[in-house]
Amino acid sequence: MTNFLETISAPDELRGLEVSKLPQIAQELRNFILTSVSGTGGHLSSNLGTVELALALHYVFDTPYDRLVWDVGHQSYAHKILTGRREAMSGLRQFDGISGFPKRSESEYDAFGTAHSSTSISAALGMAVAAKNKNEQRNVVAIIGDGAMSAGMAFEAMNNAGVNKKVPLIVILNDNEMSISPAVGALNRYLVKLISGSMYAATKRGLDKVLSVAPPIREFAKRLEGHTKGMLGPATIFEEFGFDYYGPIDGHNLDVLVSTLQNIKVLAQTEGPQFLHVITKKGKGYALAEADPIAYHGPSPFNPIVGIQAKPASKKTYTQIFGEWLCDMGEADERLMAITPAMREGSGLVEFEKRFPERYFDVGIAEQHAVTFAAGIACEGLKPVVAIYSTFLQRGYDQLIHDVTLQNLPVVFAIDRAGMVGADGATHAGAFDVAFLRCLPNLILMTPANEQECRAMLTTAFKHDGPAAVRYPRGSGIGLETTGQALESLPIGKGLVVRSISEQLPPQKKIAFICFGPLLYNALSVAKEINATVIDMRFVKPLDEELLCDIARTHDALVFVEDSAVKGGAGSACLEVLADQNIQIESLQMGLPDEYVEHGDVNFLLDLYGLSSEKMKQRVTARFL
Ligand SMILES: Cc1ncc(C[n+]2csc(CCOP(=O)(O)OP(=O)(O)O)c2C)c(N)n1
Ligand SMILES: CC(=O)[C@@H](O)[C@H](O)COP(=O)(O)O
Ligand SMILES: [Mg+2]
């Protein structure tokens with residue numbers, strides 16, 4: 001049997017086929033995705049669930065002239081494979097390989113770069129308004145998941161789109177009742193009601209509209225009605241926002257998808273914003289992923305025959321260290337309230353939810369709300385802990401300033417994925433939190449070098465009567481044990497001398513490494529070779545100014561080391577203090593460059609940016625020795 005997928009290098013070739021060929025192509029796509037992603041690692045269950053949708057979209061719409069904007073974009077592998085990147089999938093999320101998300105610089109078919117959730121409707125509306133303004137008859141489609149739909153930004157866009165009757169915008173809601181973990185919130189309950197049939201009336205109303213304005217597609221309405229129950233009832237929330245609403249329809253039925261999209265494409269040009277609700281299964285077609293879409297959301301490489309096999313890890317991850325601390329502190333202090341914006345597994349809160357369900361809050365993909373929700377909790381004397389990725393905290397920055405630090409409220413920010421994250425690349429790098437946090441009055445900012453410091457700093461933050469943040473990287477530390485360790489704080493604003501210059505073989509130049517975070521250990525291995533001092537500063541804010549100035553006055557050169565952007569980072573904070581104290585000294589800053597750090601193996605990237613031990617030694621030698 002012909003493998004059609006191998007003959008398709010662009011959607012034009014797809015559009016030349018009979019629609020009856022699409023189911024076979026879908027099967028080939030699904031098999032290819034499973035084989036490829038099990039080999040490279042990546043996002044799997046969401047991609048298995050959107051095979052038919054991607055196929056039908058490229059079949060019906062004249063891509064890339066018509067625009068497709070994939071929300072989050074973690075589910076865009078079928079889209080990438082159909083648009084000439086099948087071979088490139090073997091390099092997925094590897095350095096110099098293709099991104100795991102749509103990326104404008106990667107393909108003309110990637111209309112908008114995504115990865116942070118809930119931006120698609122805003123971007124698509126912008127494109128649709130621009131097309132209208134330029135008198136270009138173009139279709140723009142936003143494909144957004146039910147999880148992504150829970151973010152305020154999606155409703156900001158809907159609110160703006162709905163009143164714009166002449167804008168050819170199509171929004172497709174890919175509803176699989178899952179975020180990464182099960183979807184949460186009132187919107188999820190509402191969608192379940194829609195799916196359950198209690199509000200199929202919307203479809204009936206939509207059908208009546210279709211019949212009234214486009215008689216030639218009467219058979220479309222009849223066929224669509226075949227998939228819905230014609231009960232009358234209240235308008236859907238989407239219609240109240242000004243969209244014509246159709247669905248829910250089966251997002252795996254290519255006949256229904258293609259005919260529905262062909263007609264909605266026409267309506268968008270004459271009737272304005274259209275909203276299609278499709279139902280899919282996350283993990284579709286691979287039994288293990290269908291059974292456990294969470295485990296298969298973003299797996300590392302695995303054998304698809306037997307599925308993911310749990311491997312006993314030699315060292316705990318920082319996420320596990322946090323999760324362990326959260327339970328221990330939650331046990332010790334019932335005021336602790338744990339908040340996650342839709343990242344229960346990734347942030348390590350699964351155990352806490354089991355043990356303290358009444359103090360666990362998954363607020364959905366809603367970082368802005370998560371931060372201010374925590375502020376409200378703190379106002380009432382309880383102790384909120386916001387578990388959040390560095391990159392996603394960017395989404396709640398104004399709330400962090402305006403609602404938390406300005407009011408000096410005791411909220412703990414457990415910031416995971418600080419520094420380089422590897423496979424997810426530039427959109428997910430935790431590069432900027434030191435720069436955007438250290439300038440905030442009232443906030444304490446800590447950078448643990450190892451697991452024990454991480455646990456102690458979380459305790460310090462929790463016991464502090466004001467806003468406090470601890471930032472720690474993706475992955476494991478050096479392997480220090482923390483289980484059962486006492487919940488003791490550190491002296492706030494105090495650094496630590498980890499190594500002093502040995503006077504036995506005094507170096508030609510007295511160099512001190514001033515370190516923030518786990519790169520301290522790369523610096524330490526260099527310091528042992530060249531006989532240098534190593535300082536673990538521990539706090540970016542408040543800085544241990546006394547220690548810093550003492551070291552500066554007793555050494556010939558300082559090397560600042562951090563796994564965050566150099567621009568505005570911890571090293572810059574130190575240089576500001578030295579300038580204030582009028583201390584002149586040679587210095588070198590080591591950290592993330594003034595560019596977006598792309599996807600790739602973290603150790604490779606550390607070496608690329610001169611942060612491996614070998615490269616640190618080369619840079620220090622070249623500059624000072
Ligand atoms: C602002 C932001 N917060 C959190 C995430 C992490 N994240 C990635 S995918 C996802 C769930 C998306 O659910 P949905 O939109 O329903 O897509 P599905 O995985 O079900 O296809 C989350 C929370 C993100 N990418 N962006
Ligand atoms: C698409 C998305 O934003 C998440 O799935 C993210 O990729 C998770 O990152 P980790 O793998 O670091 O938990
Ligand atoms: Mg979903």
Side-chain angles (χ1 to χ4, degrees), residues 41-51 53-54 70-78 93 99-102 113-121 142-154 172-185 187-188 191-192 195 251 277-284 289 293-300 317-319 340-349 362-371 387-397 416-425 427-430 472-475 599 602:
H43 290 98
L44 183 62
S45 46
S46 48
N47 280 290
L48 292 172
T50 47
V51 164
L53 193 50
W70 293 90
D71 205 288
V72 181
H74 64 311
Q75 81 295 52
S76 63
Y77 295 176
R93 310 195 314 166
S99 168
F101 306 101
T114 49
H116 279 201
S117 171
S118 318
T119 61
S120 62
I121 304 174
I143 306 102
I144 184 169
D146 53 314
M149 200 73 215
S150 69
M153 184 173 180
I172 298 178
L173 171 61
N174 173 32
D175 187 354
N176 54 22
E177 295 188 61
M178 291 295 292
S179 185
I180 294 180
S181 27
V184 295
L187 178 69
N188 169 257
L191 293 176
V192 170
I195 299 172
H277 185 180
V278 302
I279 309 298
T280 62
K281 175 85 178 159
K282 196 164 183 177
K284 177 79 175 177
I294 299 175
Y296 287 86
H297 173 79
S300 302
T317 63
Y318 277 95
T319 303
T340 174
M343 298 301 285
R344 177 184 66 184
E345 285 75 16
S347 295
L349 288 94
D362 177 353
V363 298
I365 307 179
E367 287 81 5
Q368 298 178 33
H369 164 62
V371 173
I388 191 164
Y389 287 21
S390 167
T391 191
F392 300 144
L393 178 59
Q394 293 164 187
R395 191 59 73 85
Y397 190 48
D416 202 335
R417 283 26 174 216
M420 287 190 274
V421 295
D424 274 341
T427 54
H428 283 61
Y472 44 89
R474 187 177 199 274
H599 48 269
V602 171

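Residues take their numbers from the sequence shown, with the count starting at 1. As the structure is a computational prediction, the values presented were derived from the model and not from experiment. All ligand and atom numbering here is 1-based and tracks the order in the structure.
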Backbone or side chain, does any N or O of [X] fall under 3.5 Å from an N or O of ligand 1?
X	result
His116	no
Ala342	no
His428	no
Gln75	no

Item checked: Sub-4.0 Å heavy-atom approach of Ala115 to ligand 1 ->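 Yes.
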Next item on the list: Answer with yes or no whether Met149 contacts ligand 1, where contact means a heavy atom under 4.0 Å from a ligand atom.
Entry: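 The answer is no, since Met149 has no heavy atom less than 4.0 Å from ligand 1.
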Margin query: Side chains of Thr280 and Asn174 only: does a donor on one sit below 3.5 Å from an acceptor on the other?
Written below: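 Distance-only check passes for Thr280 and Asn174.
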Check: Considering His116, His428, Arg474, which one's heavy-atom position lies nearest to atom 2 (C) of ligand 2?
Finding: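 Answer by nearest heavy atom: His428.
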Identify the closest protein heavy atom to [atom]: which residue and atom is it, and at what distance?
atom	result
atom 1 (C) of ligand 2	His43 NE2, 3.4 Å
atom 10 (P) of ligand 2	Arg417 NH2, 3.5 Å
atom 8 (C) of ligand 2	Asp424 OD2, 3.8 Å

Check: Considering only heavy atoms of Phe392, which atoms of ligand 2 have at least one such atom less than 4.0 Å away?
Finding: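 Every atom of ligand 2 under 4.0 Å from some heavy atom of Phe392: 3 (O).
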With a cut-off of 2.8 Å, does [X] place any N/O/S atom under that distance from the Mg ion (ligand 3)?
X	result
Met178	yes
Ser179	no
Asp146	yes

Next item on the list: Step by step, work out the side-chain hydrogen bond (donor to acceptor under 3.5 Å, both in side chains) result for Asp416 and Thr319.
Entry: CA-CA 7 Å; Asp416 202 335; Thr319 303; 2.6 Å; yes
Checklist line | Approximate separation, where rounding is to 0.5 Å, of Arg417 CZ and Tyr472 OH | finding: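 Atom-to-atom, Arg417:CZ and Tyr472:OH are 8.5 Å apart.
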Next item on the list: Look at Arg93 together with Asp424 and state whether they make a salt bridge at an N to O cut-off of under 4.0 Å.
Entry: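 Looking at Arg93 and Asp424, the cut-off is met.
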